[in-house]
Amino acid sequence: PELCLVAGAPLLRGVDATSAAELALGLVIGALSHYRFVGVIGIGFVALLLIPEGRRVLRDPRIWIALAMGIAAWAPLIAWNLENADAGLRFQLVDRHPWSFQFGGLWFLLVQALLVTPLLFFALMQVFWRSLHGGEGVSPQWRYFGLLGGVSTVGYFLLGFFADAERVSFHWPLPGYLPLLIGVPALLCAWPALWRKLLWLSAGLGLLVLLGYYVAVSVPGWRAQWAASKYYPANFAGWNELADAVREEQAKLPPGTRLLADNFKVGAELGFALGDPDIAVLDHPLNRKHGRAPQLRLWGLESDGSRSAPMLLVVGASEVQYKQLLQRYHWLCDKVGPLPAPLRVVNVDHGSQRFLLFALPAERSSGACTAPAMAWIDAPVSGARIDGALGIKGWAFKDGIGLDRVEILLDGRPLAMAHYGLSAPGVATYWQISNDPSHPAVGFEANVE
């Protein structure tokens with residue numbers, strides 16, 4: 001987008017071969033980069049149509065040659081989609097978007113205003129408003145920047161009411177903010193000195209807050225304090241610890257043992273950390289949610305769980321909602337056989353990121369599904385204040401073989417042995433597929449000073 005932006009401004013003064021070639025290069029690079037770049041083309045076309053100088057530019061054949069080159073650059077992507085049942089287009093345009101009105105779009109607007117900082121956000125919108133109306137002293141280039149950025153930004157704001165609200169999307173309007181920022185300095189010349197100072201102050205404070213957040217979550221001890229918060233950076237935490245654990249376990253396993261990841265994120269991060277681009281990946285809801293399943297199949301990295309050699313299976317237990325975790329374990333049993341006891345459990349930030357490492361033999365085992373233990377603490381509840389004796393109640397079970405005992409730990413240190421085997425019939429009612437032979441006697445309680 002930036003290359004097209006730089007090429008577009010000189011064209012408003014007069015079309016020349018150099019600027020047209022620069023525009024063509026930007027369009028080609030964008031087409032080979034991301035689906036969303038098609039919006040840049042449409043918005044740029046609208047911005048030029050709204051300016052008399054822009055309409056003159058569109059009458060020049062050299063511009064249409066540049067546009068033709070940009071259009072041709074979409075051929076590889078179109079060909080790939082035709083060969084793969086429109087997998088990419090369906091994900092980008094259909095699968096990931098509800099296409100129904102949702103009031104969450106208001107939250108998207110609020111987040112954008114806070115991220116940009118309110119005064120700077122107001123300035124950006126004022127640039128767009130002035131570019132729409134033009135007037136004396138407003139140059140064509142200034143209007144071009146304001147229209148290009150404003151139409152893009154407002155378009156994404158409207159899209160926020162109908163589009164994907166589950167994945168990270170706060171970066172979508174960034175290509176629109178850049179051209180709007182170009183117009184801000186000229187706008188600020190007309191602002192009172194006090195408001196200019198307040199804008200700089202608020203923008204500086206906003207920058208310090210964001211940088212402070214990134215510093216905080218980069219320090220393990222500080223990041224752990226965010227573990228129960230929605231601001232916890234789950235996608236960026238735990239990968240170094242997981243890679244270290246995998247290296248250590250690989251060194252103990254027989255030669256020829258291969259890695260098997262249970263989702264694309266684990267496979268990609270371990271592939272990057274270990275320098276292994278060929279880590280096989282099992283089917284997973286995450287693969288489909290993020291549109292990665294077709295690409296994994298195309299690369300030959302999607303595994304059906306069969307094997308002819310020992311494997312180290314790495315499972316991201318925290319990537320599945322807890323209410324669906326037992327079902328995921330049973331799915332793994334169907335694919336790779338009963339799960340042995342984990343070689344290691346990697347808990348990062350109090351278990352906000354949790355990985356299980358299993359050593360699978362070359363020959364698949366048979367029998368009922370055995371899975372890692374499931375447990376829950378009913379009391380005390382999260383956030384409760386404790387004075388004196390602490391009464392702990394909950395339940396725990398392990399499919400396949402059951403549990404022998406439950407121990408109470410605090411930060412990994414043993415505190416007490418719980419009384420295990422209390423009646424908890426509601427547990428089996430909720431986890432209907434559980435095959436722990438101890439049901440319904442899977443409750444526990446303990447008292448800790």
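Index from 1, following the sequence.
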Is it the case that [X] and [Y] place a side-chain donor and acceptor less than 3.5 Å from each other?
X      : Y      : value
Tyr329 : Gln324 : no
Asp349 : Tyr232 : yes
Asp411 : His350 : no

Quick check: do [X] and [Y] have side-chain heavy atoms less than 4.5 Å from each other?
X      : Y      : value
Leu5   : Ile182 : yes
Leu50  : Tyr144 : no
Asp399 : Leu326 : yes
Trp74  : Val38  : yes
Leu259 : Met311 : no
Phe444 : Lys393 : no
Gln353 : Leu242 : no
Arg307 : Leu360 : yes

Ring-face cation of Arg130 near Trp142 (centre distance under 6.0 Å, axis angle within 45°):
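Relative to the ring axis of Trp142, which defines the angle, Arg130 lies inside both limits.
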Hey, does the Lys NZ or Arg CZ of Arg223 hover above the aromatic six-ring of Trp226, less than 6.0 Å from the centre and inside 45° of the axis?
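Pair Arg223/Trp226 does not count as cation-pi.
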Please step through side-chain contact (heavy atoms from CB on, under 4.5 Å) for the pair Asp278 and Asp276, ending with a clear verdict.
CA-CA 6 Å; Asp278 298 321; Asp276 182 1; 3.8 Å; yes
Kindly assign one of parallel, tilted or perpendicular to the pair [X] and [Y], based on the angle between their ring planes and the thresholds 30° and 60°.
X      : Y      : value
His133 : Trp129 : tilted
Trp191 : Phe122 : tilted
Phe264 : His290 : tilted

Is [X] atom [atom1] crowded by more than 12 heavy atoms from other residues, nucleotides or ligands, each under 6.0 Å away?
X      : atom1 : value
Met125 : CE    : yes
Leu207 : CG    : yes
Gln327 : CD    : no
Tyr213 : OH    : yes
Tyr214 : OH    : no

Do the side chains of Glu248 and Arg344 get close enough for a salt bridge, i.e. N-O under 4.0 angstrom?
yes
If the threshold is 4.0 Å, N to carboxylate O, is there a salt bridge linking Glu53 and Arg56?
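No, no charged N to carboxylate O under 4.0 Å.
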Grab the two heavy atoms, one from [X] and one from [Y], that are nearest each other, plus how far apart they are.
X      : Y      : result
Leu23  : Ala66  : CD2-CB, 4.4 Å
Ser19  : Pro10  : OG-CB, 3.7 Å
Met69  : Ala24  : SD-CB, 4.0 Å
Arg55  : Leu49  : NH1-O, 2.6 Å
Leu132 : Arg143 : O-NH2, 3.4 Å
Thr257 : Leu312 : CG2-N, 3.7 Å

Verify, without hydrogens or angle tests, whether Ser152 (side chain) and Leu148 (backbone) share a donor-acceptor contact under 3.5 angstrom.
no
Ring centres under 6.0 Å, that's the criterion: do Tyr322 and Trp376 meet it?
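Yes, the ring centres sit under 6.0 Å apart.
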Distance check, rounded to the nearest 0.5 Å: Leu120 atom CG versus Ser202 atom OG?
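Answer for the CG-OG pair, Leu120 versus Ser202, is 7.5 Å.
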Only residue of Arg288, Lys335, Arg328 satisfying salt bridge (Lys or Arg N to Asp or Glu O under 4.0 Å) with Asp283 is Arg288
Output, in order, the C-alpha distance, side-chain angles, deciding distance and verdict of ring pair (Phe, Tyr, Trp, His ring centres under 6.0 Å) for Trp395 and Phe397.
CA-CA 7 Å; Trp395 51 261; Phe397 64 85; 5.7 Å; yes
Can you spot which of Asp262, Val281, Leu282 makes a side-chain contact (heavy atoms from CB on, under 4.5 Å) with Asn287?
Val281
Between Leu339 and Leu332, is the side-chain contact (heavy atoms from CB on, under 4.5 Å) condition met? List the steps.
CA-CA 8 Å; Leu339 297 173; Leu332 288 170; 4.3 Å; yes
